[in-house]
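What's counted below: heavy atoms across the whole structure, side chains too, no hydrogens, waters or symmetry copies.
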Amino acid sequence: MRILVLGGTQFLGRHVVDAALEHDHELTLFNRGQTRPELFPGVEKLRGDRDGDLAALAGRDFDAVVDTSGYVPRVVSQTIDALGDVGHYTFVSSISVYADVSTPPTESSPLRELKEPTEDWREAYGELKVLCENVVRERFPQAFVPRPGLIVGPWDPTGRFTYWPARLADGGRALAPLPRDADAQVIDVRDLAAWIVRAAEDGLAGTYNAVDRPMTRETLLETCRSVAGADAELVWVDPDFLNEHSVGEWMELPLWLYDPDFRGMLSVDPAAAFAAGLEARPLEETARDTLEWVRSGEAPSDPPAGLARDKEQSVLDEWLSKE
């Protein structure tokens, strides 16, 4: 197949390219050439900008398009307009599109609505993703729209999962948020990428919550600790205590959700996605490969997510002293 990847060198996109090349597809990447332009030397690369410089795409035909970088509906629409004939279209959306995640959403749950016009996707990420989905479906009623939860694995620039195997590999007392049996849920980027390529090959249509099955937080952290093979000791801390000591959920302390409005985000039922062909590797493999990537020196040295070691120690000292 002739597959166009919009992006293709950062995280999910680069794994989609890897998966497609493994299946001997003919790849074309369209991006600005700013992130690892040296990747995939044998692949056709079109340079431009989705917001205002689409000349390199004009009139090009593809059997499939994979859009991993669509955040603003106007830009998504202009990209589609620039293309020639397209067979299958994948638009990677997000679980953040749901209006209510205090309980686990399903694919048919109500979606977010944009209250005021904006193209600031950092402030209205979920709302704009909803509108992008609508643009795609208007042009491609048989589009494939995966809505991933937390995508994890090698080359993740955020550190939102990487923090845990890396922290536990360092050993010592590691702060872990109670309760132990809270749900945790991720999707390995390579499993998502492989499913996207298979979806293009099979012409899969529809919208799916793209996550692995939930596990307990204790299972996830103990798995990371086992893979790390260090002498780390998990110190389980009351969530109210963490909140009182200004430990931030999700980004500062990854995979911890304190606000009840978000507690369903890590408990989503992925049955529809698995029935449609999603396959997930064991968490041990994800944790091991992520840790190997960190040890290779290629992971970000200061990712956006993660609890600073001095703050972790300070909070632990106070928690242990009160006991």
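- When all heavy atoms are compared, the tightest approach of Pro105 to Gly264 is CD-O, 4.0 Å.
- Here Ser321 contributes atom OG and Leu316 contributes atom CG; the two are 10.5 Å apart, rounded to the nearest 0.5 Å.
- Within the 3.5 Å criterion, the main-chain N or O of Thr219 finds a donor-acceptor partner in the side chain of Thr223.
- The side chain to side chain contact (heavy atoms under 4.5 Å, CB included) with Thr286 is formed by just one residue from the set Val189, Val152, Asp212; it is Val152.
- Residues Leu12 and Leu192 have side chains in contact (heavy-atom distance under 4.5 Å, counting atoms from C-beta outward).
- Taking hydrophobic clusters as Ile, Leu, Val, Met, Phe, Trp and Tyr residues chained together by side-chain heavy-atom distances below 4.5 Å, Leu46 does not share a cluster with Met1.
- A side-chain N or O of Asp100 and one of Ser102 form a donor-acceptor pair less than 3.5 Å apart.
- In terms of modelled atom types and a separation under 3.5 Å, the side chain of Ser77 and the main chain of Pro73 share no donor-acceptor contact.
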- Task: Go through His23 and Glu201 one step at a time and tell me if the side-chain contact (heavy atoms from CB on, under 4.5 Å) criterion holds.
- Result: CA-CA 10 Å; His23 286 217; Glu201 294 168 344; 2.6 Å; yes
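- With a 6.0 Å radius and a threshold of 12 heavy atoms from other residues, nucleotides or ligands, Glu38 has its CD atom above the threshold.
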- Item | Pair Val237-Leu178, side-chain contact (heavy atoms from CB on, under 4.5 Å): steps then yes or no | CA-CA 6 Å; Val237 180; Leu178 287 168; 5.9 Å; no
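- A donor atom on one side chain and an acceptor atom on the other are found under 3.5 Å apart for Thr207 and Arg137.
- Using a 4.5 Å heavy-atom threshold, the side chains of Leu266 and Leu255 count as touching.
- Ionic pairing of Glu26 and Arg2 is not present here: no N-O contact between side-chain nitrogen and carboxylate oxygen is shorter than 4.0 angstrom.
- One N or O on the side chain of Thr68 and one on the backbone of Leu6 form a donor-acceptor pair closer than 3.5 Å.
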- Message: Test side chain to side chain donor-acceptor pair (under 3.5 Å) on Thr118 and Asp120; report intermediate values, then the result.
- Response: CA-CA 6 Å; Thr118 183; Asp120 186 346; 5.3 Å; no
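- Follow the hydrophobic side-chain contacts under 4.5 Å out from Val76 and you reach Phe30 in the same cluster.
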Donor-acceptor list for residues 82-99 side chains, cut-off 3.5 Å, not counting sequence neighbours:
from	atom 1	to	atom 2	distance (Å)
His88	NE2	Leu204	O	2.7
Tyr89	OH	Asp67	OD2	3.3
Ser93	OG	Glu133	OE2	2.6
Ser94	OG	Ser96	N	2.9
Ser94	OG	Ser96	OG	3.2
Tyr98	OH	Thr106	O	3.3
Tyr98	OH	Arg147	NH1	2.8
Tyr98	OH	Asn209	OD1	2.6

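- Heavy atoms from other residues, nucleotides or ligands lying under 6.0 Å from CD of Glu292 number more than 12.
- Within a 6.0 Å sphere centred on CZ of Arg139, other residues, nucleotides and ligands contribute more than 12 heavy atoms.
- Looking only at side-chain heavy atoms (C-beta outward), Pro239 and Pro177 stay at 4.5 Å or farther from each other.
- Smallest separation of non-hydrogen atoms from Lys311 and His245: CE-O, 4.0 Å.
- One finds the OG atom of Ser267 at 12.0 Å from the CE atom of Met215 (value rounded to the nearest 0.5 Å).
- For Lys45 (side chain) and Leu39 (main-chain N/O), a donor-acceptor pair under 3.5 Å exists by modelled atom type.
- To the nearest 0.5 Å, the span separating CG on Asp240 from CG on Leu242 amounts to 9.0 Å.
- In terms of heavy atoms, Met265 sits closest to Gln185 at O-OE1, 3.7 Å.
- A pairwise comparison of heavy atoms in Trp195 and Pro146 identifies CZ3-CB, 4.4 Å as the closest pair.
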- Task: Would you check, one step at a time, whether the test side-chain contact (heavy atoms from CB on, under 4.5 Å) holds for Ile3 with Val65?
- Result: CA-CA 6 Å; Ile3 301 178; Val65 172; over 6 Å; no
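- Every residue two or more places apart in sequence or in another chain was checked for a side-chain hydrogen bond (donor to acceptor under 3.5 Å, both in side chains) with Asn134, and none qualifies.
- At least one side-chain heavy atom of Leu283 sits less than 4.5 Å from a side-chain heavy atom of Phe161.
- Side-chain N/O atoms of Thr9 and Arg36 include no donor and acceptor closer than 3.5 Å.
- Counting all heavy atoms, side chain and backbone alike, Pro157 lies closest to Pro304 at O-CD, 3.2 Å.
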- Take Leu175 and Val235, measure what side-chain contact (heavy atoms from CB on, under 4.5 Å) needs, and give me the verdict at the end. CA-CA 5 Å; Leu175 187 155; Val235 179; 5.8 Å; no
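- Counting only heavy atoms from C-beta outward, the side chains of Trp155 and Arg14 approach each other to under 4.5 Å.
- Looking at Arg217 and Glu222, no side-chain N of the basic residue comes within less than 4.0 Å of a carboxylate O on the acidic one, giving no salt bridge.
- Ion pairing between a basic and an acidic side chain is recognised when a charged N comes within 4.0 Å of a carboxylate O; Asp53 and Arg47 show no such pairing.
- Looking at heavy atoms from C-beta onward, Val247 lies out of side-chain contact with Phe241 at the 4.5 angstrom threshold.
- Under the 3.5 Å distance criterion, with hydrogens and angles disregarded, no donor-acceptor pair is assigned to the side chains of Asp181 and Thr216.
- Met251 and Phe11 are not part of a single hydrophobic cluster, where members link through side-chain heavy atoms under 4.5 Å apart.
- Within the 4.5 Å cutoff, the side chain of Arg60 has no heavy atoms near those of the Leu4 side chain.
- Side-chain contact check for Arg160 versus Leu150: some heavy-atom pair is nearer than 4.5 Å.
- Note that CG of Leu220 is 11.0 Å distant from CG of Asp183, once rounded to the nearest 0.5 Å.
- Grouped with Leu128 in one hydrophobic cluster are Tyr71, Val72, Val75, Leu114, Trp121, Tyr125, Leu131, the linkage being side-chain heavy-atom contacts under 4.5 Å among Ile, Leu, Val, Met, Phe, Trp and Tyr residues.
- Here OG of Ser69 is found 9.0 Å from CZ of Arg32. Values are rounded to the nearest 0.5 Å.
- Figure legend: cation-pi geometry between Arg213 and Phe274, with NZ or CZ positioned under 6.0 Å from the six-membered ring centre and within 45° of its axis.
- With respect to the salt-bridge test (charged N to carboxylate O, under 4.0 angstrom), the residues Arg309 and Glu312 qualify.
- In terms of hydrophobic clustering, with Ile, Leu, Val, Met, Phe, Trp and Tyr side chains grouped at heavy-atom distances under 4.5 Å, Trp293 and Trp164 are assigned to different clusters.
- Between the side chain of Glu249 and the backbone N or O of Asp259, at least one donor-acceptor pair lies under 3.5 Å.
- Between Trp256 and Tyr258, the ring planes lie tilted relative to each other; the angle falls in the 30° to 60° range.
- Residues Ile187 and Ala210 approach most closely at CG2-O, 3.6 Å, considering heavy atoms.
- Note that CZ of Arg167 is 13.0 Å distant from CG of Leu291, once rounded to the nearest 0.5 Å.
- Grouping the Ile, Leu, Val, Met, Phe, Trp and Tyr side chains by contacts below 4.5 angstrom, directly or via other members, places Ile151 apart from Val211.
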